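To keep things clear, I will list the structure first and then write my remarks on it.
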Amino acid sequence: GLGDVYKRQGYASFGFYVNSGHQAITILPGAYSSYNLNSNFLTSTDEILTEGGNFGPSGTYPTNIHFESTATTIDAAYLAKGEIYFGGYVSDGGLDAGELAAIDTWVSGGGVMISTNDSSTYDSIAEHFGLVIGGSASSTWEVAATANEIINGPFGSVGNAGDTFSASGSISFFDSASLIPGDVIIATDSVSGEPTIVMRQHGAGWILFTGDEGIFRSGMTGGGSISTPNDILAANVFSWAIGSTPPVSWQIDIAVVSVNDAPTFELPGESVFTSSEGGYNQNRGSVVLGDGSMLITPYDLSLIHISEPTR
């Protein structure tokens, strides 16, 4: 029984999640660009992410979001600072082989990357993962798959299959011949029919490939409001990304010893536990209820240890 375990080992230990393991998250914007998060042209998406009614303890998605600073080099040390990497449009598209290898390893280990690959002259990330830029897309994209949290998520529905939303900029589509088994086509170009948003699992992590960052600035309301298809898309993309990161767990250890030798869960009433350490023995109000659940109200906090959160 549970009481016997406590008697033998002298402590209780249990793990738990706060907000399903996603109480707070850090987004890495990578290299500086005006077309990146926490910058100039993606202000409407920034406002959605920082609006407390959207993300935060009292928001639709109860996770606090923190933006890390940009970096001149994308290496393992930088990637270790966050859980979501957002690759906005950077004019030189200059990720070198070492940076791409670091991103690959980080995603494989559980990171989530949102890659806005833009035009065929800026496709180093997609190219690294074998997803080929096939050509220039139109500024109108269509919903393809609806059974996912990006199109139908906590912030609502972007639309039904065939419904449209906006993109802008040097827009590209992906060559469907370069898709791999397991890829999910989220959206397509309304003219060519080729994929423009592709979701892929990579090791323990995830990648969301998009053909342009314009979906995060075009057709949006602003001010943190969520009403248009693009507003909903942006909010759902990040709630999906947060939920796809490894959850953070906590553990509590409590020193206990049973008052009697054989506490039972079947009898009506309660079996009382005490806390002890160094010969000190006093009832701490820790009880096992008749249904087998344990209620702990310790007075001596030195008997309780809460571990650092782990993923």
Side-chain angles (χ1 to χ4, degrees), residues 25-42 45-46 49 66-137 167-175 177-180 183 186 194-217 234 237-238 240-242 244-245:
I25 210 84
T26 297
I27 297 175
L28 306 167
Y32 173 78
S33 166
S34 295
Y35 295 91
N36 207 342
L37 291 177
N38 206 22
S39 184
N40 297 335
F41 288 102
L42 271 60
T45 293
D46 292 337
L49 298 178
H66 167 71
F67 290 103
E68 181 56 48
S69 59
T70 57
T72 55
T73 301
I74 310 303
D75 54 15
Y78 178 72
L79 294 168
K81 296 179 180 180
E83 296 78 33
I84 299 171
Y85 176 86
F86 185 92
Y89 172 73
V90 181
S91 58
D92 61 5
L95 291 172
D96 61 30
E99 291 175 306
L100 290 169
I103 291 172
D104 194 321
T105 299
W106 176 79
V107 174
S108 295
V112 176
M113 176 171 63
I114 301 167
S115 174
T116 64
N117 294 271
D118 216 272
S119 68
S120 59
T121 60
Y122 178 70
D123 61 349
S124 57
I125 291 181
E127 185 177 63
H128 173 81
F129 290 96
L131 191 61
V132 177
I133 299 292
S136 297
S168 63
S170 300
I171 309 158
S172 63
F173 62 75
F174 302 109
D175 185 347
S178 64
L179 297 171
I180 64 174
D183 282 353
I186 303 295
E194 288 287 89
T196 51
I197 303 180
V198 175
M199 179 196 299
R200 176 182 295 180
Q201 184 165 15
H202 184 69
W206 291 86
I207 305 172
L208 189 71
F209 299 100
T210 76
D212 195 86
E213 45 67 41
I215 58 174
F216 295 104
R217 60 185 172 88
V237 161
F238 283 94
W240 163 81
I242 293 169
S244 298
T245 63

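Heavy-atom basis, side chains included; hydrogens, waters and symmetry copies ignored. None of these values were measured; they are calculated from a predicted model.
- What you find for Met113 and Ile103 is that their closest heavy atoms are SD-CG2, 3.5 Å.
- Atom-to-atom distance recorded for Asp75:CG and Thr105:OG1 is 12.0 Å, nearest 0.5 angstrom.
- Across all their heavy atoms, Ile125 and Ser115 have their closest contact at CG2-OG, 3.3 Å.
- Between atom CD1 of residue Ile133 and atom CZ of residue Phe174 there is a gap of 4.5 Å, rounded to the nearest 0.5 Å.
- Looking at every heavy atom in both residues, Gly30 comes nearest to Tyr85 through CA-CE1, 3.7 Å.
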Checklist entry - What do the steps show when you test Val237 against Ile215 for side chain to side chain contact (heavy atoms under 4.5 Å, CB included), and what is the final call? => result CA-CA 11 Å; Val237 161; Ile215 58 174; 5.9 Å; no
Next on the checklist: Please determine whether side chain to side chain contact (heavy atoms under 4.5 Å, CB included) holds for the pair Asp175 and Glu194, giving the CA-CA distance in whole Å, both sets of side-chain angles, and the decisive distance to 0.1 Å.
Outcome noted: CA-CA 7 Å; Asp175 185 347; Glu194 288 287 89; 3.8 Å; yes
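- Nearest heavy-atom pair across Asn38 and Asp46 is N-OD1, 2.8 Å.
- Phe216 is linked by a ring pair (Phe, Tyr, Trp, His ring centres under 6.0 Å) to Phe86, counting only residues two or more places apart in sequence or in another chain.
- One distance of note links CG of Asp212 with CD1 of Ile197; it measures 10.5 Å at 0.5 Å rounding.
- Using a distance-only test at 3.5 Å, with no hydrogens or angles considered, a donor-acceptor pair links the side chain of Asn36 to the main chain of Ala31.
- Applying the ring pair (Phe, Tyr, Trp, His ring centres under 6.0 Å) test to Tyr78 and every residue at least two apart in sequence or in another chain returns nothing.
- Using a 4.5 Å cut-off on side-chain heavy atoms (C-beta onward), Trp240 and Ile186 make no contact.
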Next on the checklist: Run Arg200 and Leu131 through side chain to side chain contact (heavy atoms under 4.5 Å, CB included) and show every step you take.
Outcome noted: CA-CA 10 Å; Arg200 176 182 295 180; Leu131 191 61; 4.2 Å; yes
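- Judged as a ring pair (Phe, Tyr, Trp, His ring centres under 6.0 Å), and not counting sequence neighbours, the contacts of His202 are Phe129.
- Taking CD1 of Ile207 as the reference point, atom CD1 of Ile114 lies at 11.5 Å (rounded to 0.5 Å).
- The distance from atom CE of Met199 to atom CG of Asp183, rounded to the nearest 0.5 Å, is 10.5 Å.
- Side-chain atoms of Thr116 come within 3.5 Å of backbone atoms of Gly87 as a donor-acceptor pair (strictly under, hydrogens ignored).
- Contact between Ala102 and Ile74 at its shortest, heavy atoms only, is CB-O, 4.0 Å.
- Nearest heavy-atom pair, Trp106 versus Val112, reported as atom, atom and distance to 0.1 Å: CH2-O, 3.4 Å.
- Distance check: Arg217 CZ to Leu42 CG gives 7.0 Å after rounding to the nearest 0.5 Å.
- Distance alone, capped at 3.5 Å, places no donor-acceptor pair between the Thr196 side chain and the Phe173 backbone.
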